[in-house]
Amino acid sequence: MLDKKFDPSEVESRHYETWEKSGHFACDPESNAAPFAVMMPPPNVTGSLHMGHALNCTLHDVLVRWRRMRGQDTLWQPGLDHAGIATQMVVERQLDGEGVHRRDLGREEFVKRVWQWKEESGGTIVGQQKRMGSTPDWERSRFTMDEGLSKAVKKVFVTLYREGLIYKDKRLVNWDPKLQTSISDLEVEQIEQKGHMWHVAYEVEGEEARTITVATTRPETMLGDTAIAVHPEDERYTDLIGKMAVLPIVGRLIPIVADEYADPEQGSGAVKITPAHDFNDFEVGKRHDLPMINIFDERARINENAPQEYQGLDRFEARKKILAELEEQEILVKVDKIKHSVPYDEKSKSVIIEPYLTDQWYVDTPTLAKPALEAVRTGKTTFHPKQYENMYFQWMENQLPWCISRQLWWGHQIPAWYDTEGNIYVAASEEEALAEAKDKLGRVDVELTQDPDVLDTWFSSALWPFSTLGWPEKTKELDKYYPGQVLITGFDIITFWVSRMMMMGIHFMGDVPFKDVYIHALVRDSKGQKMSKSKGNVIDPLELIEQYGTDALRFCLCAMAGQGRDVRLSEDRVAGYRNFATKLWNAARFCEMNEALPDAKFDPASAQYALNRWIITQVVETREVIDTALESYRFNDAANAIYQFVWGTFCDWYLEFTKPVLAGDDEGMIKETRQTTGWVLDQILILLNPFMPFITEELYAAIAPRVAGELLLGHDWPEYGDELKAPDSAKEIAQIVDIIGEIRSIRSDMNVPVSAKITLMLEGASADQQDKVAQYRSVISQMARLEKVEFLKKGSEVPKGAIKTVLGEMTLILPIADLIDLDQERARLKKEISKLEKDIAEISKKLGNEKFVSNAPKEVVEEQKSRQAQSQNTKEKLAQALEQLDAA
RNA sequence: GGGCGGUUAGCUCAGCGGUAGAGCACUUGCUCGACACGCAAGGGGUCACUGGUUCAAUCCCAGUACCGCCCACCA
């Protein structure tokens, strides 16, 4: 017996282990079943699951469970990402708490600490994924720094290097002076803030009377100025081109050069050029062969290339000192207050990023991007929703070389070694590098040191679709599961990850890594704010789960996963789906009480009664909607379809219909109705299982037992034959539903007490309709609270003051004059009539339009005509009823 | 500056050429033997604005306004 009260947390506490042990999570490369492979975006080992993970997890799991039930050989590849910078920061913060710096530990010890953290955090994440009910192939779980993946990383690096697609170069990078590493362009966030524009007058050498004024928001960089640029056609300055300006404070002579980069419209039209500290200036510097003077050390303190009194100062202290000095010299000619964007590191948003001149490793992404672009253009990979392809195109078309080296300790150390003479050896191992070096140098006593830098985290992530399948070995898994079917991720990851997997996949596997890319929404709070720890509006999925259950959360996330939108998560909504689960629970209890449980001997095709044929039809149609929706990743449509069916159709109508049937004495009908009810419940559990795995599995085990221990997890998705569809029965029941609805509506409008049982008189019903109504008399009576049903011949005497309403050809007459206020009834009729008149007028106008009648499709015109006739008919009958009422 | 979205019921959002939909919220009744996390019946919308295409436009096209996002730039 099912408990009276449904307790999600209790139910959900007891299924997962059984599922895991059942072996259904595992893929089977040996099987002949068609593969369905998806790669889990590996969560960072930086902590715990957030709502975005919960959404991603849910969508994956729904698809995977559904495909698995449909008999496909599913591989949901799980794993974790080492998340270089993020993880290193977490561990450094922990050390901070202990008053220790990573330098105190040394690289080896520090990395050990990070591994410890990884074990801990990784375990937490996996536990949370299990709590979400996820069913990936855990046995195959990978970590981006495990041995196999590290091997793949080295192989890719070495190969690309030998192909000339990875190289070392000295250029400006975005530098994080706190972490002391380069960071990705994508990890820099421009934040608008108030600042100053300082205008400084530089003397021109040999022109005592003249100065040239430049403006800057970062005066400290002037210590590294190596030129002033003016526009070649700017008449104010043409005579100065080629002359030298005197760099204040430093005293260095710097040339005044002509370059179109200088915009005559902006500021004074003259711009200071600091090639080592500004991306644009760097380009100008290259064009004019200017010296590049780096004035910062790796912590952005002034270095030995600047005057003595500035050396060692932090960049912002230096700024103050310079401004004071400029003021003193009276060459700070103007200060404007402005708003401008300042580059911050995206994660902490607290450190200002500095363009910094260093040696780094680069991937030639402009070259690799070409085939990756082509693959999406030609449709080998398709984005859903499609418009995200634009974002992909824009990003891929404007590729700059990808800086992949990071000055960190946590990550894949770059497989490059240096000898003492400045030669580089890129190889899969130190042995190989050494052999190469000996060969090159022609001697044996060679000492090599490995490049201390590590690779950008996304480098190993880019290989995920094939490295996890065993590449570079040739494996069965690679054969079968590459390319995968779909990648499911958020739009913010297109640039970081999707694009790079496309490039690497195509380059190394010769094929795209996935056929579809489903971009899901970002989870926001109920006010539409992005959830963030600093805003304090983070909703922890686990808290929701504790309160409402995993099933409710999963269902909610699906129902809100409309394409191309943000998901605004509100607790009310989750509560609503918990209610849905409770509803299902109670419906199952009802079935149990009435011995209406799944019966393996029952063949739905054998159902005779319209009532049962109707609900079976609805099941078939619901399955079709779910399938169609999931095939095109419309999770919300699928969820709504099953919700609507379970609550709106099965519970609200079908189960109510069965009550009088089961209480009646038609043995044949009782038996079939019980069997049908059981069958429908069974189908509901199956169809709902991918969305709400826990409650469905619980109910299945409790009330639908057949083979002991059988799990919905491994159940087949239903296939229904067309013979199950009974459109006639559907029409028949729809009519009964209409009659009940109409009576209920009138009762409510007229304030007829629920307890009052009334009589229904039907006029104008065809013989067939009379038949049906008679057959469903008990159902109609119970649901509409009737005492009896009578059929009237046309023109029969109707009790005075009876209420009339029209349903097609039938007129429903309710003789309840003594129960109601007749004025109220008059008002009701008048309102109905005027509504109909408006309707008729509208249609008549349409039909009176010659162009409409001749141009619109025939069936549309016909439809309008029949609507007109119908409304006209109803209106007349109601008008008549009104007259009679007035006469009474 | 370049690009992409959005604007539909009080709220959150579906729909996308032929009578405006859902959930929540709201109102009114209901201890009718599954369920008050419930049942039943309701109220509520010139589908942002202006033009155009069409027999017909919430839906297609153009423009306007506001909102959001991505990319780039900022002397």
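All values below come from the heavy atoms of this structure, side chains included, with hydrogens, waters and symmetry mates left out. We name chains A, B, ... by the order of the sequence lines, and we start the count at 1 in each one.
The side chain of A/K845 places no N or O atom within less than 4.0 Å of a non-bridging phosphate oxygen (OP1 or OP2) of B/C55. The shortest distance between the side-chain N/O atoms of A/N579 and the OP1/OP2 oxygens of B/C37 is not below 4.0 Å. Contact between the side-chain N/O atoms of A/K583 and the OP1/OP2 oxygens of B/C39 is found at a separation under 4.0 Å. In this model, the phosphate group of B/C30 is not approached by any side-chain N or O of A/S755 to a distance below 4.0 Å at OP1 or OP2.
Among the atoms of the strands shown, only primed sugar atoms or phosphate atoms (P, OP1, OP2) are found under 4.0 Å from some heavy atom of A/W647. Among the heavy atoms of the strands lying under 4.0 Å from A/R867 is at least one base atom, whether or not backbone atoms are also near. Counting any heavy atom pair closer than 4.0 Å across all strands shown, A/P753 reaches no nucleic acid atom. Among the atoms of the strands shown, none is found under 4.0 Å from any heavy atom of A/K272. Within the nucleic acid shown, A/T582 comes within 4.0 Å of at least one base atom, counting heavy atoms only. Using a 4.0 Å heavy-atom criterion, one finds that A/E656 contacts the bases of the nucleic acid, with or without backbone contacts as well. Using a 4.0 Å heavy-atom cutoff across all strands shown, A/C651 reaches at least one base atom of the nucleic acid. Nucleic acid contact class of A/F555 (heavy atoms, under 4.0 Å, all strands): none. When heavy atoms are screened at a 4.0 angstrom cut-off, A/K5 is found touching base atoms of the nucleic acid. Within the nucleic acid shown, A/R589 comes within 4.0 Å of sugar-phosphate atoms alone, with no base atom in reach, counting heavy atoms only. Using a 4.0 Å heavy-atom cutoff across all strands shown, A/T217 reaches sugar-phosphate atoms only and no base atom. Among the protein residues, A/N640 comes within range of no part of the nucleic acid, since none of its heavy atoms lies under 4.0 Å from any strand. Nucleic acid contact class of A/A581 (heavy atoms, under 4.0 Å, all strands): none. Within the nucleic acid shown, A/S341 comes within 4.0 Å of at least one base atom, counting heavy atoms only.
Side-chain proximity of A/D572 to B/G2, B/A34, B/C24: nearest is B/C24. For A/K851, the listed nucleotide lying nearest its side chain is B/C55; candidates were B/C24, B/G29, B/C55. Side-chain proximity of A/N586 to B/G43, B/C35, B/C55: nearest is B/C35. For A/D839, the side-chain atoms get nearest to B/U19 when compared with the rest of B/C32, B/A41, B/U19. In this structure, of B/C4, B/U19, B/C32, it is B/C4 that holds the atom nearest to the side chain of A/N390. Of the candidate nucleotides B/C69, B/G3, B/C35, B/C35 has the atom nearest to the side chain of A/K4. Nearest nucleotide to the A/A587 side chain, out of B/C4, B/A34, B/C70: B/A34. Nearest to the side chain of A/R578, among B/C37, B/C30, B/A41, sits B/C37.
Under a 3.5 Å cut-off, the side chain of A/T365 and the backbone N or O of A/L400 do form a donor-acceptor pair. Here the side chain of A/Q824 pairs a donor or acceptor atom with the backbone of A/D749 at under 3.5 angstrom. When atom types are taken as modelled, the side chain of A/R747 and the backbone of A/A784 share a donor-acceptor pair closer than 3.5 angstrom.
The distance between atom CE of A/M396 and atom C1' of B/C71, rounded to the nearest whole Å, is 15 Å. The distance between atom CG of A/D3 and atom P of B/C37, rounded to the nearest whole Å, is 18 Å. Rounded to a whole Å, the CD atom of A/Q394 is 12 Å from the C1' atom of B/G1. Here the C1' atom of nucleotide B/C35 and the CZ atom of A/F6 are 13 Å apart, to the nearest Å. Rounded to whole Å, atom P of B/A34 lies 15 Å from atom OH of A/Y654. Atom CD in A/E571 sits roughly 16 Å away from atom P in B/C37 (whole-Å rounding). Rounded to whole Å, atom C1' of B/C70 lies 14 Å from atom CD1 of A/I493. Atom C1' of nucleotide B/G3 and atom CD1 of A/I494 are separated by 13 Å, given to the nearest angstrom.
Across the P atoms, B/G21 and B/U27 are found 24 Å apart, a figure rounded to whole Å. Nucleotides B/U46 and B/G29 have their C1' atoms positioned 33 Å apart, rounded to a whole Å. For the C1' atoms, the distance from B/G17 to B/C13 is 22 Å, rounded to whole Å. Spacing between B/G15 and B/G51 at atom P, rounded to whole Å, works out to 28 Å. Between the P atoms of B/C32 and B/C39, the separation comes to 15 Å (whole Å). A gap of 16 Å separates the C1' atoms of B/C24 and B/G38, to the nearest Å. Nucleotides B/U58 and B/G52, compared at atom P, are 14 Å apart to the nearest Å. Between B/C73 and B/G5, the two P atoms lie 23 Å apart (nearest whole Å).
Annotation for A/Q547 and A/E571: closest pair OE1-OE2, 3.6 Å, computed over non-hydrogen atoms. Closest heavy-atom contact between A/H231 and A/P264: CB-CG, 3.7 Å.
No more than 12 heavy atoms of other residues, nucleotides or ligands lie within 6.0 Å of CD in A/E260, so this atom counts as exposed by the packing criterion.
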Hey, can you pull the donor-acceptor pairs under 3.5 Å for the side chains in residues 574-582 of chain A, sequence neighbours left out?
from, atom 1, to, atom 2, distance (Å)
A/Y577, OH, A/R573, NH2, 3.2
A/T582, OG1, A/R578, O, 3.0

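Residue order along RNA chain B, read from the 5' end via each residue's closest nucleotide, puts A/Y643 first among A/Y643 and A/K835. Toward the 5′ end of RNA chain B lies the nearest nucleotide of A/S745, the other residue of the pair A/S745 and A/Q190 mapping further downstream.
No donor-acceptor contact under 3.5 Å links the side chain of A/R573 to the base of B/C24.
Where RNA chain B pairs in unbroken runs of 3 or more (Watson-Crick or G-U, both distances under 3.5 Å), the stems are B:1-7 with B:65-71, B:10-13 with B:21-24, B:26-30 with B:38-42, B:48-52 with B:60-64.
Residues A/R867 and A/D839 meet the side-chain proximity criterion, which asks for heavy atoms closer than 4.5 Å. Inter-residue side-chain proximity for A/W585 and A/I695 is flagged as met; some heavy-atom pair is nearer than 4.5 Å.
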Inset, instruction - Decide yes or no on side-chain hydrogen bond (donor to acceptor under 3.5 Å, both in side chains) for A/K272 and A/T274, but give the supporting numbers first. - result: CA-CA 7 Å; A/K272 70 194 247 336; A/T274 322; 3.0 Å; yes
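Judged by the 6.0 Å and 45° rule, A/R554 forms no cation-pi pair with A/F691.
When only modelled atom types and interatomic distance are considered, A/S9 and A/D7 share a side-chain donor-acceptor pair under 3.5 Å.
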